[in-house]
Amino acid sequence: MTDTPGTPGSTDPHCADTHADPHDHTGHDHPPTGADLVRDLVKGLSVLALVIPVIGVLLLIAILPFAPTSPVVLLLGIALGAAHLASLVATSLFVARTRKQLAVNPGLLAVRSGVEEALRLAAVLLALLLWPGDIRAELGVWIGAGAALVWVALATAQTVSTRRRIARPSDWSKEAVSTLLSERVGARSTVVMRLLDVVGTVTFQVGATVLVILSPVLVIGTAVLSIASGLSTLVLQRRSPAERARTPWAYAPLAIGLLTLALGSLGLITL
């Protein structure tokens with residue numbers, strides 16, 4: 001085989017020392033192979049599958065000081081999260097059976113966000129009717145936490161499923177790894193961005209529910225914030241995988257979630 005220029009071979013000064021450590025790659029810049037990426041992704045997703053449930057546990061610990069008189073409030077929040085999930089599934093099925101282009105349609109996104117916030121308002125009003133003697137803020141925190149736990153469970157299941165599909169040789173895993181390699185997207189950035197998305201979702205659910213229960217009129221504001229978060233996701237879908245991690249739009253869902261939580265916390269403080 002003829003050595004090509006720049007390829008380590010018998011005339012490469014970096015490889016001329018026959019006594020050098022074969023595992024020492026100092027001076028070399030070897031891009032990761034498909035096997036390296038698969039190994040790193042499986043390891044990273046395995047860690048992420050453990051970290052995401054921890055977020056749910058930490059959330060429950062953090063809201064214990066705001067515990068209402070009945071634990072059923074948390075179940076109402078879980079029902080709200082399940083209703084949000086059902087809305088997402090129904091939208092996905094509608095897109096799949098009509099036109100796939102609707103998946104990136106801002107109008108459909110606005111409708112879905114409006115439905116989700118209407119469901120949040122219904123859950124809040126039901127809580128106020130069932131537990132009129134409880135502090136409104138406490139009810140809002142626990143309903144929001146229950147809704148967030150549904151998304152934590154979903155994100156955990158998706159992470160475990162993705163890890164298994166990546167580890168198992170298939171056309172899907174080959175295509176996914178090939179795309180990441182061609183776009184030079186590392187496993188670490190992929191896992192970190194997924195974690196930030198989960199944190200953004202959790203903080204938004206809690207903050208939005210607190211805002212709505214403090215003032216039902218604020219459901220309009222939470223809907224606007226939800227639409228803004230969804231639009232940032234649509235913008236990312238139109239970019240290549242390499243560009244997604246480098247654009248500020250990638251951090252928009254996290255920023256909106258933290259902003260919503262901050263506004264909700266400010267409302268709690270000013271009560």
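Source: prediction; values computed, not measured.
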Closest heavy-atom pair and its distance - [X], [Y]:
X	Y	value
E138	A67	OE1-O, 3.7 Å
I78	V150	O-CG2, 3.4 Å
P132	L129	CD-O, 3.6 Å
E116	H84	O-NE2, 2.8 Å
T203	L258	OG1-N, 3.6 Å
I166	A176	CD1-CB, 4.3 Å

Tell me whether [X] shares a hydrophobic cluster with [Y], the cluster being built from Ile, Leu, Val, Met, Phe, Trp, Tyr side chains joined at under 4.5 Å.
X	Y	result
V51	V198	yes
L195	V192	yes
F204	V152	no
L218	L126	no
L263	F66	no

Any [X] side-chain heavy atom under 4.5 Å of [Y] side chain:
X	Y	value
L231	V235	no
L74	L149	yes
T91	V115	no
L268	V141	yes
L88	W151	yes

Distance check, rounded to the nearest 0.5 Å: [X] atom [atom1] versus [Y] atom [atom2]?
X	Y	atom1	atom2	answer
L128	I213	CG	CD1	4.5 Å
L154	T159	CG	OG1	9.0 Å
L76	L130	CG	CG	7.5 Å
L80	Q205	CG	CD	6.5 Å
T156	I52	OG1	CD1	5.0 Å
L261	L211	CG	CG	9.0 Å

Side-chain donor/acceptor of [X] to backbone N/O of [Y], under 3.5 Å:
X	Y	value
T190	G186	yes
T162	Q158	yes
S232	S229	yes
T260	I256	yes
D197	P253	no
W142	I63	yes

Audit row: L64, L60, side chain to side chain contact (heavy atoms under 4.5 Å, CB included) steps and yes/no: CA-CA 6 Å; L64 283 178; L60 291 177; 5.9 Å; no
CA sep, side-chain torsions, deciding dist, call: V191, V47, side chain to side chain contact (heavy atoms under 4.5 Å, CB included): CA-CA 9 Å; V191 172; V47 174; over 6 Å; no
Working for side chain to side chain contact (heavy atoms under 4.5 Å, CB included), residues L58 and V54: CA-CA 6 Å; L58 293 177; V54 170; 4.0 Å; yes
Whether over 12 other heavy atoms sit under 6.0 Å from I220 CD1: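 No, the 6.0 Å shell around CD1 holds no more than 12 heavy atoms from other groups.
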Enclosure of W131 CH2 (heavy-atom neighbours >12, cutoff 6.0 Å):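 Atom CH2 in W131 is crowded, with more than 12 foreign heavy atoms closer than 6.0 Å.
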Test item: side-chain donor near acceptor, R120 and T209, under 3.5 Å: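 Note: R120 and T209 side chains meet the donor-acceptor criterion.
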Distance-only polar pair, side chains of T222 and E117, donor-acceptor under 3.5 Å: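 On atom types as modelled, these side chains qualify, holding a pair under 3.5 Å.
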Side chain to side chain contact (heavy atoms under 4.5 Å, CB included) between S46 and R163, intermediate numbers included: CA-CA 7 Å; S46 297; R163 177 178 59 82; 2.8 Å; yes
